[in-house]
Colleague: 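Provided herewith is a single structure, encoded as structure tokens, for subsequent inquiry.
Computed over heavy atoms, backbone and side chain alike; hydrogens, waters and symmetry mates excluded. Counting starts at 1 for both ligands and their atoms, in listed order.
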Amino acid sequence: MTELEPLSFPGIDPNKPLIIAGPCSAETPEQVLTTARELADDGIHIFRAGIWKPRTKPGGFEGIGSPGLQWMQQVTRQTGMLTATEVANHAHALQAIEAGIDIIWIGARTSANPFAMQEIADTIAATGKASQLTVLVKNPVNPDIELWIGALQRIYNAGVRRLGAIHRGFTAYGPSPYRNTPQWSIPIELRLRLPELPIIVDPSHIGGRRELIAPISQQALDMGFNGLIIESHCDPDNAWSDAAQQVTPQSLNLILNSLVVRDHRQTTENLNILRGQIDRIDNELLEILARRMDVSRQIGLYKKDHSMTVVQAGRYNNILDSRINAGSKMGMSSEFLKTILLAIHDESVRQQIEIINKSENK
Ligand code: PEP
Ligand code: MN
């Protein structure tokens, strides 16, 4: 994806985070237009609303469907806002593009499905409007970065250059403070792999609760992501979908004004000194790891000479707990410690097997 264009829009400051706001679903013309007017008065330029709603179970409100497209057109006429909606198949994409929707996004259930992604990509290409359209691809529900990148590639291959990603968190099983766990390391890896791709964060679907919108938004900006898409409804408690996570335009305005936008492009003298320290520490870490692998290889040879198995599961499970315990006392999370210690152990085992094989083939 080498020819991406920035997501700039007339009248929107390209140096500020891109803000998209609006209700989870378009419900009635009054609800759409009241919410849009209030958001526009607060300086929001891009209005979101779901017209076709993917619901986990049948029987819920599945979206108002195509009549909602006219309400979106009214939003543009009355407020000058740009509009954004979700598409999940050929018919949605075609209707949204024909109705002049400015930004289409692909939802998390759809980006997990390569057939649906290809169908939407083919539809976009067939309209001949790929180069004008802005398309945002939400992460798939499951934490699979390759699937996310694959979905983005299909849209890019259709000729879309105004392309972005939306991070909306990943399905978690069991109790969690989030509706969808953020697993920030995944959008961070996406940033490293596709540095030109704008990434927008959706705190509404990550948090699932109003009170989490401000802290998640601040985290997103602190990590240098490019914008926020936030659900806002003129009467959130009576919303037909996602009521618990929607905020009034007034609350949204308060939240946005409370956020601190840090300048991540500037580097100061002190920052350079600290970065130098990080570089040296990383080198030390690598050297220490290499020393540890060297000892592992010696152990490998010893085990071979004494006909012992390489993996002695009991031993590592015992020491894992005590190391996690020690590391936690140094201020690191046990989840992080477990990941890193298991990765080191896996590599040690690999190195032991490698040296044993080499010595046998001599
Ligand atoms: C939405 O944006 O309202 C939506 C359905 O989101 P997601 O695809 O992230 O669940
Ligand atoms: Mn929603």
Colleague: Run the side chain to side chain donor-acceptor pair (under 3.5 Å) test on E86 and H92 for me, step by step, so that the C-alpha distance in whole Å, both residues' side-chain angles and the decisive distance to 0.1 Å come before the verdict.
Modeller: CA-CA 8 Å; E86 171 176 347; H92 300 162; over 6 Å; no

Colleague: Output, in order, the C-alpha distance, side-chain angles, deciding distance and verdict of side chain to side chain donor-acceptor pair (under 3.5 Å) for D222 and Q218.
Modeller: CA-CA 6 Å; D222 290 347; Q218 187 63 60; 2.9 Å; yes

Colleague: Does any non-hydrogen side-chain atom of Q31 lie less than 4.5 Å from one of C234?
Modeller: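 Result yes, sub-4.5 Å side-chain heavy-atom pair found.
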
Colleague: May I ask you to decide if E38's main-chain N or O and Q250's side chain share a donor-acceptor pair within less than 3.5 Å?
Modeller: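 A pair under 3.5 Å: no.
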
Colleague: Among the clusters formed by ILVMFWY side chains lying less than 4.5 Å apart, do I229 and L221 turn up in the same one?
Modeller: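 Different hydrophobic clusters.
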
Colleague: What is the ring orientation for Y316 with H345, classed by angle as parallel under 30°, tilted 30 to 60°, or perpendicular over 60°?
Modeller: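 Parallel, since the angle between the ring planes stays under 30°.
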
Colleague: As a quick check of understanding, evaluate side chain to side chain donor-acceptor pair (under 3.5 Å) for Q70 and Q74, giving each step before the final call.
Modeller: CA-CA 6 Å; Q70 285 155 28; Q74 270 175 286; over 6 Å; no

Colleague: For side chain to side chain donor-acceptor pair (under 3.5 Å), just list the numbers for D242 and H233, CA-CA rounded to whole Å, side-chain angles, deciding distance to a tenth of an Å, and then say yes or no.
Modeller: CA-CA 10 Å; D242 288 353; H233 188 295; over 6 Å; no

Colleague: Quick check on ligand 1: any N or O pairs to the protein under 3.5 Å? One line per pair.
Modeller:
residue: ligand 1; atom: 2 (O); partner: R48; partner atom: NH1; Å: 2.9
residue: ligand 1; atom: 2 (O); partner: R48; partner atom: NH2; Å: 3.4
residue: ligand 1; atom: 2 (O); partner: K138; partner atom: NZ; Å: 2.9
residue: ligand 1; atom: 3 (O); partner: R48; partner atom: NH2; Å: 3.0
residue: ligand 1; atom: 3 (O); partner: K53; partner atom: NZ; Å: 2.8
residue: ligand 1; atom: 3 (O); partner: H205; partner atom: NE2; Å: 3.2
residue: ligand 1; atom: 3 (O); partner: E231; partner atom: OE2; Å: 3.2
residue: ligand 1; atom: 6 (O); partner: K138; partner atom: NZ; Å: 2.9
residue: ligand 1; atom: 8 (O); partner: A108; partner atom: N; Å: 2.9
residue: ligand 1; atom: 9 (O); partner: K138; partner atom: NZ; Å: 2.7
residue: ligand 1; atom: 9 (O); partner: R168; partner atom: NE; Å: 2.6
residue: ligand 1; atom: 10 (O); partner: R109; partner atom: NH1; Å: 2.9
residue: ligand 1; atom: 10 (O); partner: R168; partner atom: NH2; Å: 2.8

Colleague: Count up the protein N, O or S atoms sitting under 2.8 Å from the Mn ion (ligand 2), would you?
Modeller: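 Step by step: take the Mn ion (ligand 2), keep protein N, O, S below 2.8 Å, and you get 4.
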
Colleague: For V201, does its backbone N or O pair with a side-chain atom of R168 as donor and acceptor, under 3.5 Å?
Modeller: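 Not confirmed, R168 side chain does not pair with V201 backbone.
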
